[in-house]
Amino acid sequence: MSVDVTGVDRDTLVRPIRTVSTRYLAALAVALGMIGVWLFFYLQQLRHGLVVTNLADWGSGGGVPWGLYIGAFIWWVGIAHGGIILSAAVRLLGMDTYQPVARLAELLTIAALTCAGIFILIHVGRPDRLVTSVIPAWPTRVQWSPLMWDVTVITAYFVLTATYLGLTIRYDLHRLRDRLPSRLDPIYDVLLVGYSETEDAVVERMVWWIAFAIIIMAPLLLHGGVIPWLFALLPSMAGWAGGVQGPSFLSIALTSAVSGIIIVAAAFRYAYGWEALIPDAVFRGLGQWLGFFSLLFLWLQLQQVITGIFAAPTTLQHATEVKIATPLYWAAIGVVVVAMLYVFAASLRPSLFSLPLLVALSVGVLAGTLIEKVLFVVEGLMHAHFDLYAGVPGAYTPSTVELSALVGTVGIVVLFFLVVSKVIPVVELHAIEDHGEVEG
């Protein structure tokens, strides 16, 4: 199956680079404002320390040293992994339907991995600790520390994704150069250094192997492996241990990523009139994938809830009972259920399809998966299988400082797309070449 984009010319691809609208400037102002709010609160954290957050340790706050910062880290990493999986699958499996959004998925991966790294940076309290503690310890700890495995594979994934993106844009920039603004020539000169059309066949093979590596790494080492191992290998925390965490994390990553791609693609379609370039068929397909991954997510949540309340160890049972008694948890599950039912209903009755509704549900799904990940982290810590935290007073609720970091990273993603879309085409030239473009 493929999407018919016949009649779309090359000028359509470079429209974001060549135009600046009032809506663009408004979005830029909003993104900068969101980042400014976060920086204001982050400076307070740098000045006073993590005491300005609601993160705590033994003695107060329910003993929760990991909260929104780590939950959001997992969430952003999941979005990143799922995004590049879609892009790699387009190339490996011939999923031409999604070729118009493949590069948007790659860019979302870069932005999301950056935000995940930011949450690690702010969570350590003093950023210099990454230089004085984490990096020096890496050679001696990487063999046995899940934390070091985490740093290693995410760095490798970032390098693979950046290489993948860098190789594919050279083809487009060379052929669209006459349509690109001359003021950006210094950037294009760097990106195209040494380029000749004879490299295209070699690059195509290289990109195929990189895509293959990405597809293998994602379920085995990344959001299906190392990230959940970071929790699953700590049996002292209720609700963390167990082999189900790998599939659960991966299902949440794919659900979140598809939601994110729907939102980003819809935003570009609306802003630049790309109804022909990114037609409804793309969103219908993405919606079906969202429904399928949502079903997996809900099934694995059911597995964890049932095994946590039926004849489970006391602490695990208590942690599960607390989770299912939390209204936010059911709000998160509820929005995923609604999204799943809607996309399946729209598949059976196409007249029910509505892009604005699909985007709204995607936003809700992203909020739901974030809530689930934060509760997963917090409940495990508050109901550990040992007595150190027993009787610790209080409970954890994200502080304004922590919430501002979430706002700021969303602003960073928006700013990233706003800036990048003014430099390179965010849709591959292949997306229209394969369907008989109209030269303009």
Side-chain angles (χ1 to χ4, degrees), residues 8 11-43 72 75-76 79-80 83 100-101 103-116 118-119 165 169 176 179-184 187 256-280 282-283 286 335 354-367 370 400-427:
V8 177
D11 286 335
T12 303
L13 295 185
V14 299
R15 190 179 300 159
I17 304 175
R18 295 166 59 176
T19 60
V20 177
S21 65
T22 303
R23 287 183 300 190
Y24 176 86
L25 295 176
L28 186 64
V30 170
L32 291 173
M34 295 169 73
I35 296 170
V37 169
W38 166 58
L39 290 177
F40 171 80
F41 285 102
Y42 181 54
L43 289 175
W75 184 66
W76 279 120
I79 293 173
V101 299
R103 181 165 292 160
L104 290 172
E106 296 164 24
L107 293 170
L108 181 60
T109 295
I110 295 290
L113 282 176
T114 301
C115 291
I118 288 173
F119 272 105
L165 178 63
I169 63 175
L176 296 172
R179 291 171 168 80
L180 300 173
S182 58
R183 68 179 182 276
L184 298 176
I187 297 175
S256 302
V258 172
S259 299
I261 294 166
I262 288 172
I263 294 167
V264 171
F268 274 96
R269 170 173 146 144
Y270 170 75
Y272 297 106
W274 279 355
E275 287 79 8
L277 182 59
I278 312 179
D280 285 350
V282 173
F283 292 99
L286 289 173
V335 73
S354 166
L355 182 55
L357 181 55
L358 180 62
V359 171
L361 288 172
S362 296
V363 172
V365 168
L366 282 177
L370 173 63
T400 304
V401 174
E402 295 164 272
L403 291 171
S404 74
L406 182 61
V407 172
T409 49
V410 172
I412 288 171
V413 172
V414 175
L415 180 63
F416 175 81
F417 275 100
L418 291 173
V419 172
V420 169
S421 66
K422 295 301 176 188
V423 180
I424 65 171
V426 296
V427 174

Can you find a pair of side-chain heavy atoms, one from [X] and one from [Y], that are under 4.5 Å apart?
X      : Y      : answer
Leu415 : Leu28  : yes
Val264 : Phe417 : yes
Leu355 : Arg269 : yes
Leu406 : Leu370 : yes
Thr409 : Val413 : no
Val427 : Leu277 : yes

Expected output: side-chain Tyr42 to main-chain Ala405 donor-acceptor under 3.5 Å
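No.
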Distance-only, no hydrogens or angles: does the Arg179 side chain make a donor-acceptor pair with backbone N or O of Val14 under 3.5 Å?
no
Listing request: all salt bridge (Lys or Arg N to Asp or Glu O under 4.0 Å) pairs with a residue in residues 103-115, at least two apart in sequence or in separate chains.
Arg103-Asp172
Specify the closest pair of heavy atoms between Val363 and Ile263, including all atoms of both residues, with the distance to one decimal.
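Taking Val363 first and Ile263 second, the nearest heavy atoms are CG2-CD1, 3.6 Å.
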Non-neighbouring partners of Ile412 that pass side-chain contact (heavy atoms from CB on, under 4.5 Å), sequence neighbours left out
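For Ile412 the side-chain contact (heavy atoms from CB on, under 4.5 Å) partners, ignoring immediate neighbours, are Ile35, Trp38, Cys115, Ile118.
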Going by the rule side-chain hydrogen bond (donor to acceptor under 3.5 Å, both in side chains), which residues pair with Ser362 if we only count those two or more places apart in sequence or in a different chain?
none
